[in-house]
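Encoded as C-alpha cells, the structure appears first; notes follow it.
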Amino acid sequence: MRALIGNKRGFVLVGTISIAIIGASVIAGYFTMSLNEYKLSQCTFKLQAAMNLAEVGLELGMAQRRRKRQPARHERCSRLCSFRRQVEGF
C-alpha cells in the first residue's frame with residue numbers, strides 16, 4: 001500500500017489526462033458554438049435575400065400596373081404637342 005501512495009508518477013499522469021480532457025471539451029464547445037453561429041448567419045442571409053427579392057417583385061408589379069393605367073409615353077407627348085399647337089395658334 002505504501003508503494004502505491006509513494007508513487008507520484010501516476011498522479012501526474014492523472015492530472016495531465018484530466019487537463020487534456022478539459023481542454024478538449026473547451027475546444028469542442030467553441031467549435032460547436034462557432035458552427036451554430038455560422039448556420040444562423042447563413043439562414044439570416046438567405047432570409048434577407050428572399051425578402052429583398054419579394055420586395056423587388058412587388059415594386060415591379062406595382063410599376064407595371066401603374067404603366068397600364070397611364071397612356072403610353074408617345075401618346076402623352078403627342079397630346080402635349082397638340083395642346084401646345086392649339087395654344088400657340090399653329
Side-chain angles (χ1 to χ4, degrees):
M1 193 74 168
R2 283 192 171 166
L4 292 175
I5 294 174
N7 190 1
K8 293 186 179 182
R9 290 181 126 187
F11 288 115
V12 172
L13 182 63
V14 170
T16 305
I17 290 174
S18 62
I19 288 173
I21 289 173
I22 291 170
S25 64
V26 167
I27 290 172
Y30 179 74
F31 180 71
T32 303
M33 183 182 67
S34 65
L35 184 63
N36 286 338
E37 186 70 26
Y38 173 75
K39 287 179 182 179
L40 181 64
S41 68
Q42 288 296 314
C43 183
T44 304
F45 176 75
K46 290 177 182 177
L47 179 67
Q48 188 63 41
M51 290 292 289
N52 290 341
L53 187 61
E55 186 178 357
V56 167
L58 284 172
E59 287 177 2
L60 287 175
M62 298 277 288
Q64 187 176 13
R65 187 169 178 174
R66 236 180 289 138
R67 276 190 226 122
K68 285 182 181 178
R69 288 184 185 173
Q70 296 175 354
R73 185 173 193 153
H74 65 278
E75 292 175 12
R76 283 185 282 155
C77 185
S78 64
R79 287 182 192 171
L80 183 61
C81 291
S82 65
F83 179 72
R84 283 186 185 162
R85 286 186 202 127
Q86 289 174 357
V87 171
E88 293 174 359
F90 285 107

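Excluded from the calculations below are hydrogen atoms, water molecules and symmetry mates; all remaining heavy atoms, backbone and side chain alike, are included.
- More than 12 heavy-atom neighbours from other residues, nucleotides or ligands sit within 6.0 angstrom of CE on Met33.
- By the 4.5 Å heavy-atom criterion applied to side chains, Val56 and Leu60 are counted as neighbours.
- The CG atom of Leu40 sits 8.5 Å away from atom CG of Asn36, with the distance rounded to the nearest 0.5 Å.
- Taking CG of Leu53 as the start and CG of Leu58 as the end, the distance is 10.0 Å to the nearest 0.5 Å.
- Contact of the Ile17 side chain with the Leu13 side chain is registered, since non-hydrogen atoms from C-beta on lie closer than 4.5 Å.
- With sequence neighbours left out, the side-chain contact (heavy atoms from CB on, under 4.5 Å) criterion links Tyr38 to Ser41, Gln42.
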